[in-house]
K.L.:
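Please read through the structure below; I'll follow up with questions.
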Amino acid sequence: MHPTDVILSPVISEKSHDMIRHNKYTFRVARSATKTEIAKALKSLFNVDAQKVNVLNVHRKQRRMGRFAGATSAWKKAVVTLPKNQKIPGYFEGM
């Protein structure tokens, strides 16, 4: 897989923003991505070494808009811990 196919987007929330102080970054990743693929994609995209990669599946949730029922799609989230001397440049610096 190409690195941009593995890491889809950063997850922007209050919790993920607080975790940046502890060098933990949260990403939305491909459903078929493994921990080693995520670490290699981070190395090639951002030139950082992943110290630890935690992965979890976010299950779909039922949503309603009036009488219409639907569901959000399921997705996979990765929380990546970096060494203390490394940061991911760019998108996360303004936060």
K.L.:
Among residues at least two apart in sequence or on other chains, which ones pass side chain to side chain contact (heavy atoms under 4.5 Å, CB included) with Lys15?
P.N.:
Ser13, Met19
K.L.:
Give the intermediate values and the outcome of side-chain contact (heavy atoms from CB on, under 4.5 Å) for residues Tyr25 and Val79.
P.N.:
CA-CA 6 Å; Tyr25 295 88; Val79 179; over 6 Å; no
K.L.:
Quick check: closest heavy atoms across Lys77 and Thr26, and the distance to 0.1 Å?
P.N.:
CD-CG2, 3.4 Å
K.L.:
Just how far is it from atom CG of Leu45 to atom CG of Leu42, taken to the nearest 0.5 Å?
P.N.:
7.0 Å
K.L.:
Is it the case that the side chain of Thr72 and the backbone of Lys61 share a donor-acceptor pair, with hydrogens and angles ignored and the cut-off at 3.5 Å?
P.N.:
yes
K.L.:
Looking at every heavy atom in both Arg60 and Ser73, which two are closest together, and how far apart are they?
P.N.:
CB-C, 4.2 Å
K.L.:
Is a side-chain donor or acceptor of Glu37 paired with a backbone partner of Thr34 at a separation under 3.5 angstrom?
P.N.:
yes
K.L.:
So which atom in Ala39 and which in Val53 form the shortest heavy-atom distance, rounded to 0.1 Å?
P.N.:
CB-CG2, 4.3 Å
K.L.:
Could you go step by step and tell me if Val55 and Lys76 meet the side-chain contact (heavy atoms from CB on, under 4.5 Å) rule?
P.N.:
CA-CA 7 Å; Val55 177; Lys76 195 172 199 178; 3.1 Å; yes
K.L.:
State which residues pass salt bridge (Lys or Arg N to Asp or Glu O under 4.0 Å) with Asp49; sequence neighbours excluded, sorted by chain then number.
P.N.:
Lys43
K.L.:
Please assess Leu8 against Phe27 for the test side-chain contact (heavy atoms from CB on, under 4.5 Å), listing each intermediate value before the final yes or no.
P.N.:
CA-CA 7 Å; Leu8 303 177; Phe27 295 97; over 6 Å; no
K.L.:
Within the side chain of Ser16, is there an N or O that forms a donor-acceptor pair under 3.5 Å with the backbone of Val11?
P.N.:
yes
K.L.:
Just jot down the salt bridge (Lys or Arg N to Asp or Glu O under 4.0 Å) partners of Arg64, sequence neighbours excluded, or say none.
P.N.:
none
K.L.:
Count the heavy atoms of every other residue, nucleotide or ligand shown that sit under 6.0 Å from NE2 of His22, and state whether that count exceeds 12.
P.N.:
yes
K.L.:
Examine distances only and state if a side-chain atom of Asn54 and a backbone atom of Ala78 form a donor-acceptor pair shorter than 3.5 Å.
P.N.:
no
K.L.:
With the side chain counted from C-beta on, respond yes when Thr81 and Lys24 share a heavy-atom pair under 4.5 Å apart, and no when they do not.
P.N.:
yes
